[in-house]
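Working notes, structure below.
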Amino acid sequence: MKRVIIGLSGGVDSSVAAYLLQQQGYEVIGLFMKNWHDDSVTISNECPWLDDSNDAMLVAEKLGIPFQTVDLSEQYKERIVDYMFNEYEKGRTPNPDVLCNREIKFDVFMKIALDLGADYVATGHYCRKGVVEKEAKEVYQLLAGKDNNKDQSYFLCQLSQEQLAKALFPIGELTKPEVREIADDIGLVTADKKDSQGLCFIGKVKLPDFLQQQLKPKEGVIVEIPKEQEIFSIEAPEFSSQEDKLEFLSRKIDYKIDLGKVVGKHQGAHYFTKGQRKGLAVGGTVEPLFVIDTDVEENVIYTGQGKEHPGLLKKALFVSNDELHWIREDLALKVDEILKVEARIRYRQPLQKATLHKVDSGLYVEFEAYQSAITEGQFVAWYIEDELLGSGVIS
């Protein structure tokens with residue numbers, strides 16, 4: 001009998017995943033990961049991880065499976081929290097959920113599971129795993145979940161073949177309502193529990209509060225750049241090569257204070273991210289202000305009016321070689337090769353038509369349509385049909 005260790009988070013998805021594995025004849029063990037112990041930054045006085053671990057325990061009891069808690073807070077702090085602050089300090093916007101899957105659930109946690117004699121590690125993610133034969137070798141595929149509203153393949157875009165080989169996603173074929181129905185039918189306490197929000201496993205932490213505790217506030221100015229500003233109407237030069245053109249399309253505009261007007265003050269450029277609208281507290285503009293760039297060195301936030309502001313829109317982005325990752329290593333592009341794909345630059349975004357261009361220094365992703373708020377530090381992931389082939393950090 002194959003042994004599966006499932007990360008029970010105290011939510012409905014992982015609870016039902018555990019039940020399904022049991023039904024499929026696996027020996028199932030539930031493990032709850034405690035990733036956070038600094039209760040000074042949780043928002044309410046309830047201790048979310050305690051509630052969650054309690055729910056996870058009740059589910060394990062109900063299913064009659066062994067259960068234990070593992071404390072991964074040290075690794076979580078090193079690999080996720082410290083990474084987040086480094087990224088924010090560089091003026092990039094990290095994605096802790098993608099990292100949490102790569103570094104914690106499918107690395108630290110997976111090692112613990114394998115030490116406990118597990119054949120597989122399972123999670124309650126809405127995605128599926130496929131397998132294809134290639135040159136007499138099995139190659140694993142990461143496929144979108146059947147529930148279009150809940151597909152979470154994006155969060156797993158950094159997994160490797162080795163990690164996928166040992167992964168199971170029992171609810172990938174189901175929709176969220178079907179999952180809740182199963183939980184209800186078998187009487188799990190988590191059946192009506194709301195979906196968790198907030199960082200991967202920290203519980204109900206407000207990111208700005210969390211950041212403020214760690215990154216010191218520093219007053220700076222908010223500058224509004226008008227749409228008509230000449231920097232937006234630079235004529236595209238004659239390009240001598242495709243690469244020059246892509247470099248031009250993905251370039252970062254260098255904003256200066258004198259290109260616009262000061263419209264307000266803020267408490268630290270590193271608390272803001274591109275495309276952000278809330279928290280600027282500047283009134284009196286015809287259209288709402290959006291952050292179009294932050295300068296953490298000079299501590300300035302650049303903004304523009306309206307969703308269609310040219311400072312928000314771009315058609316291409318670049319991923320450097322050291323931040324480029326192929327799940328399907330067998331399909332990785334060689335220099336000068338191109339590939340038509342569909343891509344997304346954030347979790348809930350509908351897939352966008354794009355072309356990948358491999359160059360010496362990395363990979364360009366060129367979109368058919370303008371994309372709003374392409375943000376450094378976030379992940380771009382590309383698909384062919386429902387298979388996620390690879391991903392990279394936007395540079």
Side-chain angles (χ1 to χ4, degrees), residues 87-95 220-266 268-280 282 285-320 323 343 345-346 349 352 354-355 357 359 361-380 392-395:
E87 290 286 283
Y88 278 112
E89 280 173 339
K90 283 188 212 153
R92 302 206 323 177
T93 304
N95 191 319
V221 292
I222 300 175
V223 174
E224 185 194 332
I225 307 278
K227 301 185 168 59
E228 304 73 38
Q229 185 28 269
E230 284 164 5
I231 44 171
F232 299 126
S233 52
I234 293 173
E235 278 295 300
E238 285 287 311
F239 298 113
S240 55
S241 70
Q242 179 69 16
E243 192 172 340
D244 286 352
K245 177 185 155 197
L246 290 163
E247 200 177 331
F248 177 79
L249 289 177
S250 62
R251 77 195 185 286
K252 192 169 159 58
I253 292 177
D254 196 10
Y255 295 103
K256 297 274 180 272
I257 293 183
D258 53 15
L259 295 175
K261 61 175 198 279
V262 173
V263 291
K265 291 217 169 26
H266 62 80
H270 41 268
Y271 301 138
F272 290 82
T273 178
K274 231 181 247 183
Q276 183 172 334
R277 182 181 154 181
K278 294 194 176 75
L280 286 167
V282 175
T285 54
V286 181
E287 288 185 275
L289 281 187
F290 289 86
V291 175
I292 56 173
D293 204 8
T294 58
D295 180 342
V296 290
E297 296 289 302
E298 300 294 325
N299 200 28
V300 179
I301 293 175
Y302 292 100
T303 61
Q305 282 190 45
K307 276 197 176 67
E308 297 299 311
H309 189 282
L312 279 177
L313 304 175
K314 251 195 219 177
K315 264 198 165 167
L317 61 85
F318 181 67
V319 174
S320 65
E323 299 197 295
I345 54 171
R346 54 182 71 89
Q349 185 191 30
Q352 309 283 310
T355 305
H357 301 260
V359 296
S361 53
L363 180 90
Y364 282 101
V365 183
E366 182 185 14
F367 293 92
E368 254 180 42
Y370 277 105
Q371 301 299 310
S372 178
I374 291 180
T375 306
E376 293 96 4
Q378 291 278 297
F379 289 85
V380 56
V393 180
I394 299 169
S395 68

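Checked against a 6.0 Å centroid threshold, the rings of H266 and Y271 do not count as neighbours.
You'll find the side chain of V300 stays beyond 4.5 Å of the side chain of Y255, heavy atoms only. Side-chain contact check for Q242 versus E366: some heavy-atom pair is nearer than 4.5 Å. Looking at D293 and I253, their side chains never come closer than 4.5 Å, going by heavy atoms from C-beta outward. Counting heavy atoms from C-beta outward, Q305 and K227 have side chains that approach closer than 4.5 Å. Here the side chains of V282 and T303 are not in contact, with every heavy-atom distance at 4.5 Å or above. The shortest side-chain heavy-atom distance between K307 and E287 does not fall under the 4.5 Å cut-off. Using a 4.5 Å cut-off on side-chain heavy atoms (C-beta onward), V393 and R92 make contact. Within the 4.5 Å cutoff, the side chain of L280 has no heavy atoms near those of the F290 side chain.
Residue K274 holds its NZ atom at 13.0 Å from CD1 of I301, rounded to the nearest 0.5 Å. Rounding to the nearest 0.5 angstrom, the gap separating the CD1 atom in I374 from the CZ atom in R346 is 8.5 Å. The structure places OG1 of T375 at 9.0 Å from CG of L312, a figure rounded to the nearest 0.5 Å. Summarising the geometry, atom NZ belonging to K256 is positioned 8.5 Å from atom CG belonging to D258; distances are rounded to the nearest 0.5 Å. Of the inter-residue distances, the one linking E368 atom CD with Q352 atom CD reads 9.5 Å to the nearest 0.5 angstrom. Atoms CG and CD1, on L289 and I225 in that order, are 11.0 Å from each other to the nearest 0.5 Å.
Minimum interatomic distance between P226 and L259 (heavy atoms only, all atoms of both residues): CD-O, 3.7 Å. Nearest heavy-atom pair, A316 versus L249, reported as atom, atom and distance to 0.1 Å: CB-CB, 3.8 Å. Minimum interatomic distance between A269 and D295 (heavy atoms only, all atoms of both residues): CB-O, 3.9 Å.
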Apply side-chain contact (heavy atoms from CB on, under 4.5 Å) to residues Q378 and V380 and explain how you reach the verdict.
CA-CA 7 Å; Q378 291 278 297; V380 56; over 6 Å; no
Could you please spell out the steps behind the side-chain contact (heavy atoms from CB on, under 4.5 Å) verdict for V296 and K90?
CA-CA 7 Å; V296 290; K90 283 188 212 153; 5.9 Å; no
Carefully, step by step, assess E87 and E376 under the rule side-chain contact (heavy atoms from CB on, under 4.5 Å).
CA-CA 9 Å; E87 290 286 283; E376 293 96 4; over 6 Å; no
Show the numbers, then the answer: is there a side-chain contact (heavy atoms from CB on, under 4.5 Å) between E247 and Y364?
CA-CA 8 Å; E247 200 177 331; Y364 282 101; 3.6 Å; yes
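At least one donor-acceptor pair closer than 3.5 Å links the side chain of S395 to the backbone N or O of F318. Q276 places no side-chain N or O within donor-acceptor distance of the main-chain N or O of F272, the cut-off being under 3.5 Å. Checked by atom type and distance alone, the side chain of K314 pairs as donor or acceptor with a backbone atom of S250 at under 3.5 Å. Checked by atom type and distance alone, the side chain of Y302 pairs as donor or acceptor with a backbone atom of I257 at under 3.5 Å. In this structure, Q371 contributes its side chain and I345 its backbone to no donor-acceptor pair below 3.5 Å.
Atom CZ of R251 sits in a crowded spot, with more than 12 heavy atoms from other residues, nucleotides or ligands closer than 6.0 Å. The neighbour count for Q349 CD, taken as heavy atoms of other residues, nucleotides or ligands under 6.0 Å away, is above 12.
Ring geometry for F248 versus F239: interplanar angle of 30 to 60°, hence tilted.
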